[in-house]
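Take a look at the structure below.
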Amino acid sequence: MSFDSTKNTLEKLLEQVDEGSLQLPEFQRDYVWAEEAVVSLLASIAKGYPVGALLLLERGGEVDFQPRLVEGVMLNKPIEPDLLLLDGQQRMTSLYQVLWSPRPALLKNAKNQKVERHLFLNVDKAVAAGVPFEDAIEIMPGDKRRMRDFGREVDLDLSTPELQYAAHMFPLDRVFDEDDWLFGWRDYWREREVDTRDTEKLFKQTVIKRIQKYEMPIIRLLKDNGREAVCTIFEKVNVGGVKLDAFELVTAIYAGSEFDLRRDWSGTPQEHGRLGRIRKATPDHGVHAWLGSLDFLQACAILHTQEQRAEAAAAGKQGLDLPQVSCKRETVLALPLTAYRKHADAVEAGFVEAGSFLNEQKILWGRDVPYPPQVVALAALFATLGATARNAAYRDRLAHWYWAGVLGEYYGASTETKIARDVPELAAWLDGGPVPRTHHEAIFQAQRLHSLRSRGSAAYKGFHALLMRSGCRDFISGKPVELMTVYANPLDIHHIFPKAWCEARGIPPQRYNSIINKTALSAESNRAIGGSAPSTYLARIEKRPGGSAEALDAILRTHLIDPELLRADDFDGFFADREARLAALASEAMGKAVVGSEVPQEGIADDALGLDEEETLEEAA
């Protein structure tokens, strides 16, 4: 990190703001300070107290943020600044508007409303011993006239210099150009045979000069600093503002090359950007409802760093000399605009293909996506593979990897590392290489079914999708749950042995709230179940028009429920049987054995399977 530290007078800094040589980065949001905060800031400066350092960035280096003027600055023509203000925006904006600009300052009042204000100093109070400086500050409306009695009477009018002289109210926007006002004030009172010279002298010495000579510490980042260094420092010092993510920082960097990343991503009211085009391929609230701009940049970073690694390998580099495939924050921040432009179309197509893959797995809605970062890996892989991603054998193998990650709850932490590792390993696996680490290491223990109770859990969402994938149908309508979900029929996860029935028999919540005792049903089916014993509610459902025991038993089997055990109200037998069936479902989805399952796993090895073996497994299933 290259920087230097110094001090500069407040007057010089405000002059730089006014002439445009000191500006803000474009990504800095406008921020309006409250009246009391500005009064406190002015009081600290007038007393010579520290108000914090400013962080400035030299222009002309690798980090070339698009600049914009400080709010309130008016210039006749655009000016390229020498320095950008990374930290201190609120202080400098407020000080510029209050102490330098003749136009009203934009502040927030006690009701949090944005209002125009002029600030004045009561000269007599400002020099009086024992009077807090804050009490000497008078806040006036934008027209410098304060009203009372619901606006019917003037309480204080400072709209002309003469009225200000009469009230001994010094306008703070004249603090760096005070002489003319002070001469006018002295002459006004001389004509009325009042000598203000001693007060004037004391006011200049104890207030005006102190503000004029006030120095602010400055940390100046030199232009030879890289993106990650500048952005990291900015976010560490910007603790009082709204945290910027990597997308916003990259947007600001690209803006220096006149490329609008935000528009490319979000589009306009008239035209979709990449996000809109990706989501257009799925229903509203579909699997890409969660998709964010940073996810897209991460996938682009994967493709860029893969390309860099391949080029280095072709040049003869090996081992640690090879650059790493990465989508970490620093890699995203370093993503060149040329690389973004090169890979963005492929990544966009990759996310569309990833959405199609999720739908094939019966994951239909954004809320049901177990691990969004795992979808970033999928999108980057599909962007790498192109049209070959639609190969059926590849798709089956990818499904095993996907469900190993979901049911093994593998993507719950260190997601950036896992994305960067999985994409090249998956591409190599599909091309005949070794098994990806995720598929090899991820395990599902049958005992985990007992503790899966929250629909927020990735594995819980996974089993819900797998049951739909295996064709489960609603108890009453007989419609596939997937079809009911698509057409927005009221559907939820409900108990198979009702909660009231279980509690009446002393079955603990840890058991009856497990996913083993839950399945997806319509609201109508759930009402039919009520709190009755299974034998009772099944008989009730069968009596509906067109109902029969045979048809209902067939539906129950689609939920991996043994009809005989359910009709016998045998909770323990049902629990053990369905646990084994769900474990077998997990095993089939992952393409590998489930740990602790008593169900035979013929043909399934502990390691990942080859394509021929997968085909045998599918035939057996």
Side-chain angles (χ1 to χ4, degrees), residues 10-11 13-15 17-20 22-24 28-46 51 68-76 85 88-126 132-182 184-185 188 203 207-208 211-212:
L10 177 58
E11 181 176 15
L13 290 165
L14 294 177
E15 183 180 10
V17 169
D18 188 61
E19 67 187 17
L22 175 58
Q23 297 185 28
L24 297 170
Q28 285 277 40
R29 302 168 176 87
D30 289 332
Y31 187 88
V32 179
W33 261 18
E35 294 171 343
E36 61 268 22
V38 174
V39 169
S40 177
L41 175 65
L42 292 171
S44 295
I45 289 173
V51 296
R68 70 174 177 88
L69 297 171
V70 169
E71 187 71 20
V73 176
M74 306 288 286
L75 294 178
N76 294 326
L85 179 62
Q89 173 200 5
Q90 295 96 323
R91 284 167 287 161
M92 293 305 296
T93 299
S94 299
L95 291 171
Y96 175 79
Q97 293 186 9
V98 169
L99 301 180
W100 195 278
S101 174
R103 290 174 293 278
L106 188 63
L107 306 177
K108 284 185 179 178
N109 62 16
K111 297 180 180 179
N112 205 35
Q113 300 166 325
K114 293 182 181 180
V115 291
E116 290 186 340
R117 293 290 186 251
H118 285 283
L119 272 64
F120 291 82
L121 268 182
N122 184 309
V123 177
D124 293 332
K125 288 183 178 180
F133 188 82
E134 292 88 342
D135 292 349
I137 297 178
E138 196 73 44
I139 301 175
M140 296 293 291
D143 64 359
K144 303 178 185 178
R145 299 173 76 244
R146 188 169 65 207
M147 309 300 289
R148 63 186 176 193
D149 193 18
F150 301 101
R152 287 192 286 267
E153 294 182 26
V154 177
D155 180 49
L156 180 61
D157 189 346
L158 301 178
S159 59
T160 67
E162 289 72 20
L163 292 171
Q164 297 166 13
Y165 301 152
H168 303 285
M169 289 291 185
F170 174 76
L172 273 168
D173 58 23
R174 299 294 300 275
V175 74
F176 296 108
D177 183 23
E178 78 285 6
D179 287 339
D180 285 348
W181 191 93
L182 291 176
W185 177 59
Y188 177 90
F203 182 63
V207 179
I208 299 291
I211 295 175
Q212 290 177 345

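Since we're looking at a predicted model, the values are computed, not measured.
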Check your understanding: For the residue pair His118 and Arg103, what are the closest heavy atoms and their distance?
Key -> CE1-C, 3.8 Å

Review point. Which pair of heavy atoms, one from Arg91 and one from Val51, lies closest together, and at what distance?
Key: NH1-O, 3.0 Å

Exercise for review: Decide yes or no for Leu10 and Phe176: does some side-chain heavy atom of the first lie under 4.5 Å from some side-chain heavy atom of the second?
Suggested key: yes

Study note, to complete from the structure: Minimal heavy-atom distance between Leu69 and Leu75, with the atoms involved, is CD2-CD1, 3.7 Å

Practice item. Kindly indicate whether the side chain of Val207, heavy atoms from C-beta on, has any atom under 4.5 Å from the side chain of Val123. Key: no

Point to revise | With Phe203 via ring-ring contact (aromatic ring centres under 6.0 Å, His included) - residues at least two apart | key: Phe170

Listed pairs under 3.5 Å, donor-acceptor, residues 157-169 side chains, sequence neighbours left out:
{"residue": "Asp157", "atom": "OD1", "partner": "Ser159", "partner atom": "N", "Å": "3.0"}
{"residue": "Asp157", "atom": "OD1", "partner": "Ser159", "partner atom": "OG", "Å": "2.7"}
{"residue": "Asp157", "atom": "OD2", "partner": "Arg145", "partner atom": "NE", "Å": "3.4"}
{"residue": "Thr160", "atom": "OG1", "partner": "Leu163", "partner atom": "N", "Å": "3.2"}
{"residue": "Gln164", "atom": "OE1", "partner": "Trp181", "partner atom": "NE1", "Å": "3.0"}
{"residue": "Gln164", "atom": "NE2", "partner": "Leu158", "partner atom": "O", "Å": "3.0"}
{"residue": "His168", "atom": "ND1", "partner": "Trp185", "partner atom": "NE1", "Å": "3.1"}

Point to revise | For Glu11 against Trp100, the heavy-atom pair lying closest together | key: O-CZ3, 3.8 Å

**Study point:** CG-CD1 distance between Asn109 and Ile139, expressed to the nearest 0.5 angstrom
**Key:** 10.0 Å

Point to revise | Inter- and intrachain pairs under salt bridge (charged side-chain N to carboxylate O under 4.0 Å, His left out), touching residues 111-122, at least two apart | key: Glu35-Arg117

Review point. Any donor-acceptor pair under 3.5 Å linking the side chain of Gln97 with the backbone of Glu71?
Key: yes

Review point. Rounded to the nearest 0.5 Å, how far does CG of Leu99 lie from CG of Asp177?
Key: 13.0 Å

Point to revise | Side-chain donor/acceptor of Ser94 to backbone N/O of Gln90, under 3.5 Å | key: yes

Point to revise | Any side-chain heavy-atom pair of Val17 and Leu95 under 4.5 Å | key: no

Check your understanding: Do Glu138 side-chain atoms and Asn122 backbone N/O form a donor-acceptor pair below 3.5 Å?
Key -> no

Point to revise | Exam field: side chain Gln212 to backbone Val175, donor-acceptor pair closer than 3.5 Å | key: yes

Point to revise | Any Tyr96 side-chain heavy atom under 4.5 Å of Leu13 side chain | key: no

Exercise for review: For residues Ala136 and Ala126, report the shortest heavy-atom separation together with the two atoms involved.
Suggested key: CB-N, 3.7 Å

Review point. Is there a side-chain contact between Leu24 and Met92, using heavy atoms and a 4.5 Å cut-off?
Key: no

Point to revise | Spatial distance of atom CD (Glu178) from atom CD1 (Ile211) [nearest 0.5 Å] | key: 10.5 Å

